[in-house]
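Following: one structure in structure tokens, then a few remarks.
In this text the structure is predicted, and so the values were computed from the model without any measurement. Chain letters run A, B, ... following the sequence lines, proteins first, then strands; residues in each count from 1.
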Amino acid sequence: MTRLTINGQNHEIEVEPATPLLWAIREQVGLTGTKYGCGIGQCGACTVHLDGMPVRSCLIPVEAAAGKSIRTIEGLAEGGKLTRVQQAWLDHDVPQCGYCQAGMIMAVTALLERTPRPTDADIDAAITNICRCGTFQQVRAAIHAAAAA
Amino acid sequence: MSAVTPLERRITRRAFVVGTTATGAGLAIGLALPLSPRAAAAAEGAPEVNAWVVIRPDDTVVVRIARSEMGQGTLTGLAQMVAEELECDWSKVTTEYPTPGENVARKRVWGSFSTGGSRGIRSSHDYVREGGAAARMMLVQAAADAWGVPASECTAAASVITHRPSGRTTTYGAVADAAAKLDPPASVTLKDPKDWTLIGQPVKRLDTLDKLTGKQVYGADLKLPGMLSAAIRDCPVFGGKVARLDTSKAESMPGVRKIVRVGESAVAVVADTWWRAKTALDAVDVAWDGGDNTKVSSASIADTLTRGLDADDAFVNHEVGDAAGAIATAARKVEAVYSTPFQNHAPMEPMNATARWTPERCEVWCPTQNGEAALAATASAAGLPIEQCEVYKIHLGGGFGRRGAFHDYVTQAVTIARELPGTPVKLLWSREEDMLHGHYHPVMQARLRGGLDADGNLTGLHIRLSGQSILAAVFPQNLRDGMDALAFQGYWAKGDHALAYTVPNLKTDHAMRNTHVPPGFWRGVNANQNCIFLECFMDELAEAAGQDALAFRRKLMADHPKSLAVLNAVAERAGWGTPAAAGVHRGLAHFNAFGSYVAACAEVSVADGKDVRVHRIVAATDCGYAVNPAQIERQIAGSFVYGLSALFSQACTVKDGRIEQDNFHVYDSMRIAQMPVVESIVMPSGGFWGGVGEPTICVAAPAVLNAIYRATGTRYRTFPLKDHGLRLV
Ligand code: FES
Ligand code: FES
């Protein structure tokens with residue numbers, strides 16, 4: 001039995017300890033907003049926060065996340081109210097297919113928590129997610145808007 | 001978007017049925033399409049109504065969308081088109097997908113479901129607008145009937161119908177029920193484009209919110225009661241098969257329910273979760289028999305193509321005058337050979353499909369660019385008549401051409417589900433499987449020869465292509481006397497992909513050299529390499545002629561005013577002919593593709609001869625009518641990501657008959673740090689419907705390559721650029 005604390009809720013799950021956190025979140029817990037893109041830490045689609053830090057959950061064994069505070073995309077909008085990052089994403093019509101965007105939003109949310117007014121260079125260094133649709137221009141504009149909000 | 005689960009479908013269907021009967025509370029309207037044989041058949045078979053528009057009593061407007069939303073904004077654009085003619089309140093518009101099975105049952109009332117070739121909007125703009133217009137006329141008629149006044153005295157705007165003489169008003173929701181009982185109008189008149197109030201507006205997409213909260217369900221996210229998950233490994237050598245299989249270790253691993261042979265070439269593990277299925281699959285010991293194809297490598301393929309450059313067996317597509325003669329007698333000759341590699345689409349969401357099979361019925365849930373093709377694949381794999389099958393389309397995590405013509409993942413999912421009757425099985429490919437089993441952007445080489453007269457005028461041009469034909473592999477019925485006209489995108493004499501230059505002596509021909517690697521339609525298709533070949537070579541010719549690259553092109557474009565207009569637009573905005581910032585160099589490219597006219601001017605600097613920074617790209621598009629300029633700008637910006645990722649980093653190479661690149665660490669894709677500023681000029685000139693999702697990709701690479709040449713003096717002609725030590729920074 002592994003206990004995960006996700007978005008403030010405890011989940012007791014039955015899973016092999018080496019299972020990547022990504023798959024435990026998606027399959028045992030059933031939160032599918034966190035996406036699988038590569039499984040090797042390259043794309044960032046699986047980004048979640050682990051004790052406030054953005055991590056690529058496909059690389060983290062679930063046992064290493066037990067007892068820590070995990071936040072996923074589903075945990076952002078409290079009571080249905082969008083965060084400023086989500087709101088900026090909505091205002092800038094950022095997503096195309098949208099598949100990468102949960103990971104992108106989690107990475108940006110973590111960036112703004114550490115660096116409230118990031119420069120373009122800060123963004124370039126911190127946001128390394130792949131987006132095959134190519135939304136980067138809108139992503140950058142939305143980050144600056146969220147930072148100013 | 002609804003139509004995700006059967007339950008939701010039933011609800012929707014019920015709403016529909018209710019809306020089309022006398023007791024109902026909604027309206028569903030379609031229209032006989034006077035110009036389309038399919039629609040005529042639909043009209044005969046479905047005299048009642050056919051449905052683009054459903055209006056609920058609360059005035060909500062549900063617009064039915066036959067094409068797929070895979071990121072390009074097609075869904076929103078199509079809804080704008082219907083709503084424009086419907087005169088409804090845009091804030092009350094929602095959308096849903098009809099199912100391919102309903103389309104079959106209703107004799108294709110919704111026409112084609114295919115979403116590719118940048119055709120989502122441009123090949124259905126007429127009948128979707130007609131559907132909206134007919135719905136409006138019926139709603140107005142119903143209101144007029146209730147008031148006992150002539151419909152001609154009534155107008156409709158923002159879902160409100162007004163009887164002008166009396167000032168009485170009612171809403172669409174209030175009269176929808178009555179309207180549903182009326183016959184569709186015999187004919188409709190569409191608005192003059194100058195009267196459009198919604199088409200042409202940069203409205204927000206309709207499908208954004210759920211993508212921000214994790215709520216949007218993609219195929220990979222689907223959950224059904226009792227569902228199992230499957231992971232698959234197919235023979236990495238295309239055309240090969242399983243030689244030996246040892247599943248003993250995998251069988252006893254946690255969660256495993258079944259291990260299935262899928263055809264001759266693949267093995268799948270079905271388990272209670274996908275991760276357990278994949279883990280067990282990794283423990284399956286399989287030996288492959290790749291057959292003769294194991295002898296094929298990138299080098300052997302390149303060799304075949306190179307020989308094709310001089311071969312006699314070539315299909316001639318566009319010939320004017322005597323190119324060989326003009327080049328032979330030219331004052332100056334220029335020659336160059338270019339070559340482009342295989343590339344994988346690599347959409348962010350790997351291939352997947354969920355299937356439930358019983359001896360009586362098969363249902364599939366999947367991301368697809370063509371619901372009808374997915375249905376055909378389902379029926380075929382299920383061994384059932386198409387009427388006993390159904391496909392539920394789910395939002396795509398990217399398509400780019402991979403999920404249109406090819407439903408290999410559907411065939412596999414159904415094949416696996418047949419082993420577990422009644423149990424839904426979700427098949428998800430790993431990224432590795434996705435990389436190794438693509439339908440790849442085809443390999444192509446080109447030899448270009450040009451002749452210049454003493455004044456530097458281009459008197460002769462011969463473009464010899466040598467490489468793989470997509471049509472020969474995918475739609476051989478579309479070959480014309482063996483020729484693949486699509487191989488010549490951008491070089492045609494006329495049409496959607498016409499050459500934008502007038503050259504007095506011209507020949508384009510193609511030595512078709514097919515390989516065992518399956519080719520496919522990769523966003524932008526053959527326009528991508530054809531634009532690199534031609535537009536880089538135009539710079540080579542201009543240099544040989546001692547002329548400015550823009551001036552040299554302009555001389556050949558007098559008869560191509562729309563192309564000239566987009567080229568001039570980017571040159572002017574970028575400041576062509578004026579000095580760029582220190583160390584920054586400019587490059588141009590333009591092309592006609594998918595019915596649109598596109599051009600780009602890139603500004604590039606190169607550090608240490610290898611670190612390439614693309615500072616800014618000015619890009620212009622004339623797509624005739626611009627349905628949603630804001631979404632067009634996003635497609636243009638995104639096109640540079642797709643095109644420049646390929647130019648710098650992406651090649652699928654072949655070794656021992658198999659693709660070598662199996663994930664993003666060896667098949668890199670641009671990140672935000674590498675993103676140039678893209679300035680889009682959307683300049684619709686009206687009168688035609690051009691594509692948007694693909695055309696711009698083709699100008700990305702040549703514009704940047706021409707700028708890199710000016711920065712470095714080196715002309716790169718083989719790709720990706722990382723093979724030359726160049727990096728996009
Ligand atoms: S799925 Fe984790 S980084 Fe790609
Ligand atoms: S929006 Fe499609 S991959 Fe980023």
Discussion item. Counting only non-hydrogen atoms closer than 4.5 Å, does A:Arg26 touch chain B with its backbone (N, CA, C, O), its side chain (CB onward), both, or neither?
Written reply: side chain
Worksheet entry | Atom group of B:Phe400 that falls short of 4.5 Å from chain A, counting heavy atoms | side chain
Worksheet item: Would one find more than 12 heavy atoms of other residues, nucleotides or ligands at under 6.0 Å from atom CD of A:Glu78?
Response: no
Item to complete: Please examine the side chains of B:Ile672 and A:Ile123, heavy atoms only from C-beta on, and report whether any two atoms are closer than 4.5 Å.
Response: yes
Response to the item:
Of B:Leu396, B:Asp272, B:Thr279, the largest count of non-hydrogen pairs under 4.5 angstrom with chain A goes to B:Leu396
Worksheet entry | Heavy-atom proximity to chain B below 4.5 Å, by part of A:Glu16 | both
Fill in: Side-chain touch A:Gln137/B:Met675, heavy atoms, less than 4.5 angstrom
yes
Item to complete: State, without any angle test, whether A:Arg132 and B:Ser669 hold a side-chain donor-acceptor pair at a distance under 3.5 Å.
Response: yes
Worksheet item: Side chains of A:Thr32 and B:Lys223: does their closest heavy-atom pair fall under 4.5 Å?
Response: yes
Worksheet entry | Side chain, backbone, both or neither of A:Gln138 within contact of chain B (heavy atoms, under 4.5 Å) | side chain
Worksheet item: Where do B:Pro350 and A:Tyr99 come nearest, in terms of heavy atoms and distance?
Response: CD-OH, 4.1 Å
Worksheet item: Which heavy atom of B:Thr273 sits nearest a heavy atom of A:Gln28, and at what distance?
Response: CG2-NE2, 3.8 Å
Worksheet item: Once the angle between the rings of A:Trp23 and B:Trp275 is folded into 0 to 90°, is it parallel (under 30°), tilted (30 to 60°) or perpendicular (over 60°)?
Response: parallel
Worksheet item: Are the side chain of A:Gln101 and the backbone N or O of B:Lys211 linked by a donor-acceptor pair below 3.5 Å?
Response: no
Worksheet item: Quick one: side-chain hydrogen bond (donor to acceptor under 3.5 Å, both in side chains) pairs with a partner in residues 56-66 of chain A, sequence neighbours left out?
Response: A:Arg56-A:Thr128
Practice prompt. For A:Tyr36 and B:Ser430, work out which heavy atoms get closest and say how close.
Written response: OH-CA, 3.3 Å
Worksheet item: B:Val666 and A:Gln42: side-chain contact (heavy atoms from CB on, under 4.5 Å), yes or no, with the steps?
Response: CA-CA 10 Å; B:Val666 280; A:Gln42 279 285 318; over 6 Å; no
Worksheet item: Between A:Glu27 and B:Arg276, is there a side-chain N and carboxylate O pair less than 4.0 Å apart?
Response: no
Discussion item. Please classify the contact of A:Leu76 with chain B as side chain, backbone, both or neither, using a heavy-atom distance under 4.5 Å.
Written reply: neither
Response to the item:
Under 4.5 Å to a heavy atom of chain B? For A:Thr19 that would be both
Discussion item. What part of B:Gln674 gets within 4.5 angstrom of chain A, counting heavy atoms only: side chain, backbone, both, or neither?
Written reply: neither
Worksheet entry | Cationic N near anionic O, under 4.0 Å, A:Asp124 to B:Arg671 | no
Item to complete: Decide yes or no for A:Cys97 and B:His395: does some side-chain heavy atom of the first lie under 4.5 Å from some side-chain heavy atom of the second?
Response: no
Worksheet item: Mind checking whether A:Cys133 and B:Tyr642 have side chains closer than 4.5 Å, heavy atoms only?
Response: no
Worksheet entry | Residues in residues 87-96 of chain A near chain B [non-hydrogen atoms, under 4.5 Å] | A:Trp89, A:Leu90, A:Asp91, A:His92, A:Asp93, A:Pro95, A:Gln96
Item to complete: Could you check if a side-chain atom of A:Cys131 sits within less than 4.5 angstrom of a side-chain atom of B:Met348, using non-hydrogen atoms only?
Response: no
Discussion item. Counting C-beta onward and ignoring hydrogens, is there a side-chain heavy-atom pair between B:Leu209 and A:Leu82 closer than 4.5 Å?
Written reply: yes
